[in-house]
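Read the structure below first, then the notes.
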There are 2 protein chains.
Amino acid sequence: MWISGTSQYAIRAVVHVAAHGVDAPVRVGPIAEALDVPRNYLSKTLHALARAGVLHSERGPRGGFQLTVPPSRLTLAQVTAPFEDVKRKHCLLGRPQCGGAHACAAHARWSSVSTALQQYFASTTIADLLDDARAGRTPPTVRARPTGGPRRATSRRP
Amino acid sequence: MWISGTSQYAIRAVVHVAAHGVDAPVRVGPIAEALDVPRNYLSKTLHALARAGVLHSERGPRGGFQLTVPPSRLTLAQVTAPFEDVKRKHCLLGRPQCGGAHACAAHARWSSVSTALQQYFASTTIADLLDDARAGRTPPTVRARPTGGPRRATSRRP
DNA sequence: GATATTTATCATATCGACATGATAAACACA
DNA sequence: TGTGTTTATCATGTCGATATGATAAATATC
């Protein structure tokens, strides 16, 4: 529901590349393992992102994927564009044209929600998600932790 | 995108029944023609709505479908419930559990949009759609049309 | 009860999203 | 130049949503 599984893969993969590919490219294998998604399918997805200009891909040893723009300039709309049409304002009831004289029954009330959806994808950046992932994960039970350093497990492989 | 085709059929069909089934039940055939959707598939969809308690179905001559509750008491959430899980707040990135300590990267910013979506389906009623369909369809170019009778082509098939 | 009408249901087909496995093409490096 | 590494691509498979056609079950009317 809401967006396709491929778009979800794309967002998660781009966030991963943004976090781990600052100096060296990130290969498909590690990304697929980290996200637990099928490797070859992710390969196709990343290739689509490369064609869309979101990622830069390099073959051979020392190859992999890197962002072409800083995370703060990369929106969810850009990342999902190859797989999802988030730019258009979709009619809730599926009409190709909806609005004005040809409005469907739900148009008036759906319109504001639809606009909010568009806004979300157009304004949220990968940098936002990186920040939230780091800051927003405070457990409900507040426990003062002296050194706020990186404590995450980053389990390499089993 | 956003909701399934079956859910769109369901909403449109229920609106049609609400508008045309005030005194007598409405049969599948006319509904399918009016909405231009496959007849037998719509039959299954309406049957699911009957099982869900949204519609009352009657077989045989003078049979058809009618609402079980007034349109002002029937929400989009109820109509789409058999086909879509709009009650749950879905994680944008597809996690089964998302929030609190196990929040995904997008959770914080997506949450408010997700809530707005839920609110829309929970608070919008079929009566709202009936009103909007009648009132909201004023064309930009105002042309007084005396008899607003059925003008659709209803082209059978080529 | 016989018949026509209408929904209910079954068996099957189609189509696109998602996935898999194998092979080709590019690249670094010795 | 040769070899290993990595992405790119192709051919195919699976699965669920959507759709189709035929048949069964219920109901009103005569």
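Each chain gets a letter, A, B and so on, in the order the sequences are listed, and its residues count up from 1.
- Note on A:G29: nothing from the nucleic acid sits closer than 4.0 angstrom, heavy atoms only.
- Rounding to the nearest 0.5 angstrom, the gap separating the SG atom in B:C98 from the CH2 atom in B:W110 is 11.0 Å.
- In this structure, the CZ atom of A:R51 is 13 Å from the C1' atom of D:dT7, given to the nearest Å.
- The aromatic rings of B:Y41 and B:Y9 lie perpendicular to each other, with more than 60° between the two planes, well past the 30° mark.
- Counting to the nearest Å, the C1' atom of C:dA17 and the CH2 atom of A:W2 are 19 Å from each other.
- Of all nucleotides listed (C:dT7, D:dG4, D:dA8), D:dG4 comes nearest to the side chain of A:P61.
- With 3.5 Å as the limit, one finds a donor-acceptor pair spanning the side chains of A:T125 and A:D128.
- Counting to the nearest Å, the P atom of D:dA19 and the CG atom of B:D36 are 11 Å from each other.
- Considering only side-chain N and O atoms, A:T6 lies nowhere under 4.0 angstrom from the phosphate OP1 or OP2 of C:dA17.
- Residue A:H47 places at least one side-chain N or O under 4.0 Å from the OP1 or OP2 atom of D:dA8.
- Protein atom CG of A:N40 is 7 Å distant from nucleotide atom C1' of C:dT20, rounded to whole Å.
- As a whole-Å value, the separation of B:R39 CZ from D:dA22 P is 13 Å.
- Counting only heavy atoms from C-beta on, B:R62 has its side chain closest to D:dA28 among D:dT7, C:dT7, D:dA28.
- Of the side-chain N and O atoms in A:S43, none sit less than 4.0 angstrom from OP1 or OP2 of D:dT9.
- Interface remark: the A:R59 side chain does form a donor-acceptor pair with the D:dT7 base, using a distance-only criterion of under 3.5 Å.
- Computed from coordinates, the A:I31 CD1 to D:dT6 P distance equals 12 Å when rounded to whole Å.
- Distance, B:L46 CG to C:dT6 C1': 13 Å, rounded to whole Å.
- Checked against C:dT6, C:dA8, C:dC18, the side chain of A:Y9 finds its nearest nucleotide in C:dC18.
- Closest-nucleotide positions on DNA chain C for A:G60 and A:V37 were compared, and the one nearer the 5' end corresponds to A:V37.
- Other residues, nucleotides and ligands contribute only 12 or fewer heavy atoms inside 6.0 Å of the CG atom of A:D36.
- Taking only side-chain atoms of B:E58, from C-beta outward, the nucleotide of C:dT7, C:dC18, D:dT27 with the closest atom is D:dT27.
- The closest side-chain donor-acceptor pair between B:T115 and B:Q118, if any, does not fall under 3.5 angstrom.
- Rounded to a whole Å, the CZ atom of A:R27 is 13 Å from the C1' atom of D:dG4.
- Comparing D:dT9, C:dA28, C:dA26 by their closest approach to the side chain of A:K44 singles out D:dT9.
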